[in-house]
There are 2 protein chains.
Amino acid sequence: MSRNRVTIHDVAAKAGVAISSVSRVLSGHLDVSEKMRARVEAAVAELGYEPDHLAQSLRKGATNTIGFMIRDITNPLFSIVAQSAEHELRKAGYSTILINSHGELEAETENFSLFKRRRIDGVIASLVSEEAPYVRKTIRDLGAPVVLLDREVIGLDASAVICDHQSGVRDATADLIKNGFKKIAFLSGRKDVYITRNRIKGYEEALANAKIKIDDDFIRLGKFGEVFAYEETLKLFSRKKQPNALIAGGIGAAGGALKALRELGIRPGKEIGFVAVDEWPMFDVLTSDLSSVYRDPEEMGRASARLMLDLIAGHAPSQELVPTHYRPRASSKLS
Amino acid sequence: MSRNRVTIHDVAAKAGVAISSVSRVLSGHLDVSEKMRARVEAAVAELGYEPDHLAQSLRKGATNTIGFMIRDITNPLFSIVAQSAEHELRKAGYSTILINSHGELEAETENFSLFKRRRIDGVIASLVSEEAPYVRKTIRDLGAPVVLLDREVIGLDASAVICDHQSGVRDATADLIKNGFKKIAFLSGRKDVYITRNRIKGYEEALANAKIKIDDDFIRLGKFGEVFAYEETLKLFSRKKQPNALIAGGIGAAGGALKALRELGIRPGKEIGFVAVDEWPMFDVLTSDLSSVYRDPEEMGRASARLMLDLIAGHAPSQELVPTHYRPRASSKLS
DNA sequence: CTAGAATAAGGAATCGTTTCCAGTAATTAG
DNA sequence: CTAATTACTGGAAACGATTCCTTATTCTAG
């Protein structure tokens, strides 16, 4: 089965030349005669030789492989980011190893160690924790370029793709206020990460602009994912002090919130105002006119790939900012 | 940066032993003395040594890497399959390289060649074409075990995970008939692949059972994906002879169909009967009570991983059948 | 026509492991 | 007490490429 592997030795033997000459021809080196090139290429063609990537990597010290680690591949936004990054990296000759961290710190650590053992050329990651010493140590130990998704990288030796959630959420909040909502609840994931902090900034900015007092009871932070949002939404709407609008930060959160609302018989755009932060595939088809804060996941993927290739080329770490756009639809006002 | 790489030589030097002994200790070989084991392990711990996976692979001839190739990672069903397979394979010590073929034959070919150069230990793939000679040649050239998703493997040297679409679609069709629909349109992707043929079997079986004549005008096959389904649905409902129910095969098809229906002002469960084949994340939340034919993507992933590990262990190719379940909800009868 | 440069090709070291083969030391049997 | 195993350990040859270093040849110039 794999016995039919043809190596550079076979090519050299067939062409009657040294293996170093075969290598030189294949790497497009200058100092080879026309005759040599022709003979070698004939032998290569005849034997169907393909260089062994493994041996090349070992010798060259580069694997042409990038690790891509995210919390959850099945999150449609992330899967688009991953696909787009993979596409872009492949054009530059890199393969991508995709790994889930399931949002767990230990899985993440194990993944980094795996990447290191595999001599990955770089890692694009959406980290679980943003705690600076941990991140710094992780990056140092890896010994390869790192691009972080949606994380601040101040004082870190890494590049980052960061999204301007703030302005999107600010505009969304302002629109809700404009439409008469004053008791706006805000739902998002872990509070110690950039994405959450940045969204809250936008939320608070809009409230401040409208001179509405911030009510901490309406800000529900905890975990990313459907379950947390579902439970928190149930709580929010089963107390005395109820909000009359809801901003759900993230795809999971929006799903969980919508599920809870459905069970409660509360309809977005009818009984409350509602904005989803992030969209999912067929957003316009599957949902009934939800207002949203949009960001382009393909651009995020491309940006992360660009940053990675820059780092590999030896450039200094840098950042790319991806904008967000508030898209008002039916759910952000009552009808 | 990567200058701090510590090799087995360093460990051997620090422990004052031969590198072969270090290797023996680390591989858990029997013939090492306690003293030797202790010294080596101390040195390993002190230096933080991790074996280079690349060198190991080159020497051992196995990369512990599986290639996973699908048409489209952003299809939520596939992304769950991929995640589940990755999870299962990782438990067995394998990493997964995930690659898109975008449904294009040339991309697929290129991917196989990439996998081969990387000496992948096996490939799990959802192939673009099912044309036997092509598939056979591809598998032979790869020289590594192959598991196909949703493909018949008769006469091929490969294992397969196949889904029993037929019975799910049959039940769905029968339910529509029972609810009074006789003009049931059926939408699916390429007609030369198992998944489409198998679904049609179920559709035709139910019609035959009910003694309803099959009307080829109502069977619309062509491409997977949203666009095709969207266009075909528009056509279906803008002719004289209109169906009064629709089965959409696949996530993309369901999305495209729903989009078209929305534009036409035709509501599933109101003006027509509707069944989606395959579900997507938050299916119950995002859609308004659509009937569906369900299959468990996690099980598909696990099954593909199991089959792959079996093949690697030297077992003969085999198949696993994943069942489908018709889940009637509001959209398959009028109200 | 010969010295020196330029060109082309071969040989060998190297990347970091594993594993086979010897050889030495320790153990047991006779 | 010596011979025959057995238990460890070190050395070296792979794995399949790249690349540096030589050396042989050809070319140009003086």
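Note on naming: letters A, B, ... go to the chains in the order of the sequence lines (proteins, then strands), and numbering restarts at 1 for each one. As a basis for the values below, the full set of heavy atoms in this structure was taken, side chains included, without hydrogen atoms, waters or symmetry mates.
What separates CD1 of B:Ile8 from C1' of C:dT19 is a distance of 12 Å, to the nearest Å. One interatomic measurement links the two molecules: CG of B:Asp31 to C1' of C:dG23, which rounds to 15 Å at whole-angstrom precision. In this structure, A:Asn64 atom CG and D:dA17 atom P are separated by 16 Å, rounded to whole Å. One can place CZ of A:Arg39 at 16 Å from P of C:dA8, the figure rounded to the nearest angstrom. What separates CG of B:Leu58 from P of C:dG16 is a distance of 12 Å, to the nearest Å. Atom NZ in B:Lys60 sits roughly 16 Å away from atom C1' in C:dC20 (whole-Å rounding). In this structure, NZ of B:Lys35 is placed 13 Å from C1' of D:dA7, rounded to the nearest angstrom.
A:Glu88 and A:Arg302 are not joined by a salt bridge, as no carboxylate oxygen comes within less than 4.0 angstrom of a charged side-chain nitrogen. We find that B:Arg71 and B:Glu108 are not joined by a salt bridge, their nearest charged nitrogen and carboxylate oxygen being 4.0 Å or further apart. Under the 4.0 Å criterion applied to side-chain N and carboxylate O atoms, A:Glu131 and A:Lys137 are not assigned as salt-bridge partners.
With sequence neighbours excluded, no residue satisfies salt bridge (Lys or Arg N to Asp or Glu O under 4.0 Å) with B:Asp10. Every side-chain hydrogen bond (donor to acceptor under 3.5 Å, both in side chains) that B:Arg119 has, sequence neighbours left out, goes to A:Asp52. The salt bridge (Lys or Arg N to Asp or Glu O under 4.0 Å) check on B:Glu50 picks up nothing, with sequence neighbours excluded. Contacts of A:Thr96 classified as side-chain hydrogen bond (donor to acceptor under 3.5 Å, both in side chains), with partners at least two apart in sequence or in another chain: none. Considering only residues two or more places apart in sequence or on other chains, A:Asp72 meets the salt bridge (Lys or Arg N to Asp or Glu O under 4.0 Å) condition with none of them. Residues passing the side-chain hydrogen bond (donor to acceptor under 3.5 Å, both in side chains) test with A:Ser21, sequence neighbours excluded: none. Under the side chain to side chain contact (heavy atoms under 4.5 Å, CB included) criterion, B:Ser33 pairs with B:Lys35, B:Met36, not counting sequence neighbours.
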What N/O pairs connect the protein and nucleotides 10-12 of chain D at under 3.5 Å? Give each pair on its own line.
unit_1, atom_1, unit_2, atom_2, d
D:dG10, OP2, B:Ala18, N, 3.0
D:dG10, OP2, B:Ser21, OG, 2.7
D:dG10, N7, B:Ser20, OG, 3.3
D:dG10, N7, B:Arg24, NH2, 3.1
D:dG10, O6, B:Arg24, NH2, 3.1
D:dG11, O6, B:Ser20, OG, 3.4

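Across residues 42-57 of chain B, B:Tyr49, B:Glu50, B:Pro51, B:Asp52, B:Ala55, B:Gln56 each have a non-hydrogen atom less than 4.0 Å from an atom of DNA chain C (numbered order).
Looking at the side chain of B:Ser33, the nearest of the listed nucleotides D:dC8, C:dA13, C:dG16 is D:dC8.
The base of C:dT17 is not paired with the side chain of B:Arg59 by any donor and acceptor separated by under 3.5 Å.
Across all strands, B:Arg37 comes closer than 4.0 Å to no nucleic acid atom at all (heavy-atom distances). Heavy atoms of A:His9 sit nowhere under 4.0 angstrom from any nucleic acid atom.
In the helix from C:dA5-D:dT26 to C:dA26-D:dT5, the rotation axis of the first five pairs and that of the last five pairs differ in direction by 60°, rounded to 10 degrees.
Phosphate contact (OP1/OP2 of D:dG16, side-chain N/O of B:Arg119, threshold under 4.0 Å): present. For A:Ser23, a side-chain nitrogen or oxygen approaches OP1 or OP2 of D:dT18 to under 4.0 Å.
Residue pairs meeting the ring-ring contact (aromatic ring centres under 6.0 Å, His included) criterion with at least one partner in residues 92-116 of chain A, sequence neighbours excluded, are A:His102-B:His87. Legend: side-chain hydrogen bond (donor to acceptor under 3.5 Å, both in side chains) pairs involving residues 305-317 of chain A, not counting sequence neighbours, sorted by first then second residue: A:Glu299-A:Arg306, A:Arg306-A:Glu320.
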